[in-house]
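Remember, predicted model here, so these are calculated numbers, not experimental data. Reckoned from all heavy atoms, side chains included, excluding hydrogens, waters and symmetry mates. Chain letters run A, B, ... following the sequence lines, proteins first, then strands; residues in each count from 1.
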There are 2 protein chains.
Amino acid sequence: MGLTKTEIFSDKQNALAKMAKALAHPARIAILEHMLEQKACICGDLVTEIGLAQATISQHLRELKDVGLIKGNIEGNRMCYCIDEAKWSLTKKELVDLFNQLKSCC
Amino acid sequence: MGLTKTEIFSDKQNALAKMAKALAHPARIAILEHMLEQKACICGDLVTEIGLAQATISQHLRELKDVGLIKGNIEGNRMCYCIDEAKWSLTKKELVDLFNQLKSCC
DNA sequence: GTTCTTTATCGTAATATTGCGATATAACAA
DNA sequence: TTGTTATATCGCAATATTACGATAAAGAAC
């Protein structure tokens, strides 16, 4: 137990849950907001802005990168992360599609 | 450790992360989709449709109820769950607001 | 009343997440 | 070269999540 039974769900359901999981931590929301406001794309700047340890921020960045929401560019000895616009838009669409299905119920 | 440092984030960031967490499991996506399609609002029906144990579905329903995305009405000895339209719309707006902040970056 | 049905909750095992210090790696600075 | 800076990754401890069997509670059916 303790393991999600992904095989009984559709690919779409699993994919959407995975994207939601990437958003399911305030540090990752904060990281994305910083990138959206273009205050900070550099790992070190995010460490200063957010106030978690460098190892922790790096780990959160990796989770966002793993699901494709952000991408990283090497700039000398630093990393500049930014939103992946294609994946961002696609995710927005998938979420809006879910939320737009609302009809009145019981 | 192992505990999210909610105190260093804004209420808004914590709230959005919490809603995302509620969506961060394929079973809960499936439950919401069933309710949206009005195929099943009854716990027992969801157990049959989805194929997880009754205790597990009940637990997922509770998580959705705890964040306010769904509400439950007692119908005799059964429970009819449905989307809470106000909370649903508000959550949609908060997510869309986040996703609409996209500007081009580095 | 008794029994059946339905759902919630408890307890528990397996697994995942969060956070950070320590360390490794790679580019820059001198 | 040596030292500095920036980031990634390892390893670990604390906590959370997932899943389910067993049981409790409450209404329905008899």
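B:Ala55 comes within contact range of at least one nucleobase, with a heavy-atom separation under 4.0 Å.
Distances were taken from every side-chain heavy atom of B:Asn77 (C-beta onward) to each of D:dA6, C:dT5, D:dC20; the shortest belongs to C:dT5. Residue B:Ala53 places its side chain closer to D:dC20 than to any other of D:dA16, C:dG21, D:dC20. With C:dA8, C:dC20, C:dT18 as the choices, the nucleotide that has an atom nearest any side-chain atom of A:Glu63 turns out to be C:dT18. Closest approach to the B:His25 side chain among C:dG19, D:dA19, D:dA8 is made by D:dA19 (side chain taken as heavy atoms from C-beta onward). Nearest to the side chain of B:Met79, among C:dT15, C:dT7, D:dT18, sits C:dT7. Distances were taken from every side-chain heavy atom of A:Thr4 (C-beta onward) to each of D:dT18, D:dA8, C:dA8; the shortest belongs to D:dT18.
Taking 4.0 angstrom as the limit, B:Thr56 places none of its side-chain polar atoms (N or O) nearer than this to OP1 or OP2 of D:dA19. An OP1 or OP2 oxygen of D:dA6 is reached within less than 4.0 angstrom by no side-chain nitrogen or oxygen of A:Tyr81. Side-chain N/O atoms of A:His60 include none lying less than 4.0 angstrom from OP1 or OP2 on C:dT17. Distances shorter than 4.0 Å separate some side-chain N or O of B:Lys5 from OP1 or OP2 on C:dC20. Contact between the side-chain N/O atoms of B:Lys21 and the OP1/OP2 oxygens of C:dT17 is not found at any separation under 4.0 Å.
Rounded to whole Å, the distance from CD1 on A:Ile57 to C1' on C:dC20 is 12 Å. Rounded to an integer number of Å, the gap from CD of A:Glu7 to P of D:dT18 is 15 Å. Distance, B:Leu3 CG to C:dA16 C1': 15 Å, rounded to whole Å. Whole-Å rounding puts the A:Asn73 CG to C:dA27 P distance at 15 Å. We find that CZ of B:Arg78 is positioned 10 Å from P of D:dA29, with the value rounded to whole Å. Atom CG of A:Leu46 is separated from atom C1' of D:dA6 by 13 Å (rounded to the nearest Å). Rounded to an integer number of Å, the gap from CG of A:Leu61 to P of D:dA6 is 15 Å. At whole-Å resolution of the value, CG in B:Asp66 and C1' in D:dA16 are 15 Å apart.
Between B:Val96 and A:Leu95 there is no side-chain heavy-atom pair separated by less than 4.5 Å. Looking at heavy atoms from C-beta onward, A:Leu32 lies in side-chain contact with A:Leu23 at the 4.5 angstrom threshold.
Side-chain N/O atoms of B:Gln54 and base N/O atoms of C:dA8 include a donor-acceptor pair closer than 3.5 Å. Residue-to-nucleotide contacts include a donor-acceptor pair under 3.5 Å from the side chain of B:Gln59 to the base of D:dA19.
Between A:Arg62 and A:Thr6, it is A:Arg62 whose nearest contact on DNA chain D lies nearer the 5' terminus.
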Original post:
Between A:Glu33 and B:Leu98, is a side-chain contact (heavy atoms from CB on, under 4.5 Å) present by the stated rule, with each step listed?
Top reply: CA-CA 8 Å; A:Glu33 285 179 349; B:Leu98 177 72; 3.9 Å; yes
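Atom CG of A:Asp11 is surrounded by 12 or fewer heavy atoms from other residues, nucleotides or ligands within 6.0 Å.
Residue B:Ile70 is tested with B:Arg28, B:Glu63, B:Met35 for a side-chain contact (heavy atoms from CB on, under 4.5 Å); the sole match is B:Met35.
Judged by distance alone, the side chain of A:Trp88 and the main-chain N or O of B:Phe99 form a donor-acceptor pair under 3.5 Å.
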